[in-house]
Amino acid sequence: MGDSVDNIPGVPKVGPKTAAKWLQQYGSLDNIIARADEVKGKIGENLRACLDQLPLSRKLTTISCDIPLDISLADLKKRPMDNSAMRELLQELGFSAWLNMLDNEDSSAGETRQQPEQLPRNYEMLLEQERFDVWRERLQQAELFAFDTETTSLDYSQAEIVGISFAVEAGSAAYVPLAHDYPDVPEQLNRDDILRQLRPLLEDPGKAKLGQNLKYDANVLANYDIELRGIAHDTMLESYVYNSVATKHNMDDMAKKYLHLETIHYEDVAGKGAKQISFREVPLEQAAPYAAEDADITLRLHQVLWPKLQENERLRQLYLDFEVPLVPVLSRVERNGVLLDVGMLAQQSRELARQIKDIEQHAHEIAGQSFNLGSPKQIQAILYDQLSLPVLKKTPGGQPSTAESVLQELALDYPLPKLILEYRGMSKLKSTYTDKLPRQVNKKTGRVHTSYHQAVTATGRLSSSDPNLQNIPVRTEEGRRIRKAFVAPPGCRLLAADYSQIELRIMAHLSDDQGLLKAFSEGRDIHSATAAEVFQVAEEQVTQDLRRSAKAINFGLIYGMSAFGLARQLGLTRSQAQSYIDLYFARYPGVKNYMDNIRETARQQGYVETLFGRRLYLPEIKSRNAARRQYAERTAINAPMQGTAADIIKRAMIAADAWLQKDQPDGKMIMQVHDELVFEFAESDLESCRASIGRIMSSAADLKVPLVVDIGVGKNWDEAH
DNA sequence: GTGGCGTCC
DNA sequence: CAGAGGGACGCCACT
């Protein structure tokens, strides 16, 4: 720790999340300082000391919050904290993400500090068949009803249903406890019996259902052989499509933002941490209000969000044609799961363990002492303090970096960095993949079942977790061995289909650049074509090196990279890199034009859109802080391309699923990796399926360039590429 | 809980 | 004049 302003000794660390929480709680930095002593000991004092010693307009990083503060504390105190000034200030401080300023109701001001309303509620607990019959009839008659399952686990494959709640109109909801279990628990309706009675309703596609993250409920119901149909609305997706970044899309946060209601949290009834109990053990008198409220709030959220979506035709279409239909598709993909060769992974773990041990021994000999190769801190001490290697780069925290690029450079001159790199690679493979994946195989199905998240990314992509199947290694030979453990069952083959250069094709489409469009239309290798244009040689004369440079330029552009970044990547001087970029823009003026336009569009309307109208709000595009503004500008450039690609593959998934259901019921869609879909087909069907999948994916969008799909088949995922 | 690092597209 | 590549998830060390 140094003694500069950004590292004041004795000031306890305050992470961005804590800082954000305080800001939300207390309204301004000023109030935090006034109140912080009460809540956090001496932090308030230290905060004040920290801020008071700042010169006017001094740019600094406050504590470790990474808050660039362009104004002094005196300035801050002078400001009247009305709603708009507060919003502006928060944005300056870099807390726009928590500002709730993205909502279109923004202009209606004055509601951020609104008191929670009293929630009118008429909640009923159903313990007798007669009352359940009344409610079932209500559901039967309702145009739309909300429901929610309470279960024993967040993991759908482990989850048992404990109860179900319903709502048909705001303020009125019912909870049906079915499997609560604790001493002296009241007698409840029989679960199997009730599910049997509900089944026709839940499976009827004509009966419209509403829920919060219905994919989860669909998966849980599937454990009871109930195929949920008639998914009409999902509040999580409504919120996501309406504004992907204004709030997290869980019910508690959404209720706060859109209903100004404080809800009963899961932790309130089940406790948290080690003391958390299963919902099964939650007493009925607590469970019923919680569960009924879930259904009620879902309905109320829908009543607020659905009209908002209907105001914008493109958002409405995106929601109805992409996101909602994707829910049952993802549910099936997850439940299909992927077969793993666990024996193969176990063998790899053993080999890695042996190699890791050898490297450790060797490294300790070189260092002359024992240390933890997995600790960046210890490595830092050994490399820079003890062995006095040159410091090439520092982390944002001011410490000498031990990141891969740095070690690679050092590895040219010293032996230890190379060993550290090898160690990192191997321990990563072992801990994250070969050790972990086999433990995530479901005992009942013998396969791994990931969860896809539909409302996480800012751009519209899916994400995957538990396990994350979207970051399985592919780059190195050792890494690819893990893909060989993703296998097809006997008699089947995996079919992997990926969109070729989809983001660059989208860039061609969006920018309408004639050169780029022509290159794609002629089916040329885009990186070679770019190299030929930029370096002004015939395409046959493009060397691997030139192609590599062109590829870096192409991808760099998609991400909004600067000359500095390109120079670093290609090992050029900055001016060389700049001249490449200039040449590129000279050759592809449409691209240059597009990038300038999209920045301007973002500034003017405050958001950017994908081809299908998905929006990403970028409030920081107008930030006076250059770093934040430029970050927003890069996002403005990247999001339409990344997001359009996400839209297209979602549409392809919906179409592929429909085709599977109709024509190939034995075939399975088993994975999505952003621009790739993986299927499992019987060997005998392989060739016809290959043609069908190719057709379905290529026609998922009609761009000015062809959507080329590369398809491979094999007994394992690696082979299928 | 946070930061650093590493895996993917 | 600093900072200079988009989007994710997971593991580990450390506090």
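As the structure is a computational prediction, the values presented were derived from the model and not from experiment. In what follows, chains are A, B, ... by sequence order, proteins preceding strands, each numbered from 1.
The CD1 atom of A:Ile359 lies 9.5 Å from the CG atom of A:Leu352; values are rounded to the nearest 0.5 Å. Once rounded to the nearest 0.5 Å, the distance linking OH of A:Tyr156 with CG of A:Asn442 reads 8.0 Å. Interatomic distance, CG of A:Leu345 versus OG1 of A:Thr434, reported as 6.5 Å (0.5 Å rounding).
With B:dC9, C:dG10, C:dA13 as the choices, the nucleotide that has an atom nearest any side-chain atom of A:Asn372 turns out to be C:dA13. Across B:dT7, C:dG7, C:dA13, the shortest atom-to-atom separation from the side chain of A:Thr457 is found for C:dG7. Residue A:Asp675 has its side chain nearest to B:dC9 when only B:dT7, C:dG3, B:dC9 are considered. Out of C:dA4, C:dC11, B:dT7, the shortest distance to the side chain of A:Lys436 is found at C:dC11. Candidate nucleotides C:dG6, B:dG6, C:dA4 were compared by shortest atom distance to the side chain of A:Asn638, and C:dG6 ranks first. Across C:dG6, C:dA13, C:dA8, the shortest atom-to-atom separation from the side chain of A:Ala458 is found for C:dA8. Among B:dT7, C:dC11, B:dC9, the nucleotide with an atom closest to any side-chain atom of A:Val474 is B:dC9. Residue A:Arg424 has its side chain nearest to B:dG6 when only B:dG6, B:dC9, C:dC9 are considered. For A:Ser431, the listed nucleotide lying nearest its side chain is C:dC12; candidates were C:dC14, C:dC12, B:dC9.
Looking only at distances, no side-chain donor or acceptor of A:Tyr266 sits under 3.5 Å from a matching main-chain atom of A:Gly271. Counting only distance, with no hydrogens or angles, the side chain of A:His453 and the backbone of A:Ser463 share no donor-acceptor pair below 3.5 Å. A:Lys215 places a side-chain N or O within donor-acceptor distance of the main-chain N or O of A:Tyr452, the cut-off being under 3.5 Å.
Residue A:Glu633 contributes atom CD, which lies 12 Å from atom P of C:dG6 at whole-angstrom precision. In this structure, the CD1 atom of A:Ile420 is 15 Å from the C1' atom of B:dG6, given to the nearest Å. Taking atom NE2 on A:His674 and atom P on B:dT7, their separation rounds to 16 Å, with Å as the unit. Between the P atom of C:dG6 and the CD1 atom of A:Ile506 lies a distance of 18 Å, rounded to the nearest Å. Between the CG atom of A:Leu373 and the P atom of B:dG6 there is a distance of 13 Å, rounded to whole Å. Remark: C1' of B:dC8 and CE of A:Met671 are 13 Å apart, rounded to the nearest angstrom. In this structure, the CG atom of A:Leu437 is 11 Å from the P atom of C:dG10, given to the nearest Å. Between the P atom of C:dG10 and the CD atom of A:Gln470 lies a distance of 10 Å, rounded to the nearest Å.
Taking atom P in both B:dC5 and C:dA4, one finds a spacing of 15 Å when rounded to whole Å.
Contact annotation for A:Glu503: no contact, since no heavy-atom pair falls under 4.0 Å across all strands. Residue A:Ile558 is out of contact with every strand shown, counting any heavy-atom pair closer than 4.0 Å.
If you check the side chains of A:Thr457 and A:Tyr240, you find a donor sitting under 3.5 Å from an acceptor.
In this structure, A:Gln642 does not reach the C:dA8 phosphate: none of its side-chain N or O atoms is under 4.0 Å from OP1 or OP2.
Listed in residue order, the members of residues 475-484 of chain A having a heavy atom less than 4.0 Å from DNA chain B are A:Arg475, A:Arg483. Residues of residues 461-468 of chain A having a heavy atom closer than 4.0 Å to DNA chain C, listed by number: A:Arg461, A:Ser463, A:Ser464, A:Ser465, A:Asp466, A:Asn468.
For the pair A:Arg574 and A:Phe564, the cation-pi test (distance below 6.0 Å, angle within 45°) is failed.
In this pair, A:Phe322 and A:Phe612 present their aromatic rings tilted. The plane angle is within the 30 to 60° band. Taking the six-membered ring where tryptophan is involved, the planes of A:Phe555 and A:His527 are tilted, since the angle between them lies from 30° to 60°.
Along DNA chain C, the nucleotide nearest A:Phe564 and the nucleotide nearest A:Tyr631 are compared for position; the residue whose nucleotide lies closer to the 5' end is A:Phe564.
Nearest approach of A:Ile711 to A:Ala497, heavy atoms of both residues: CG1-CB, 3.8 Å.
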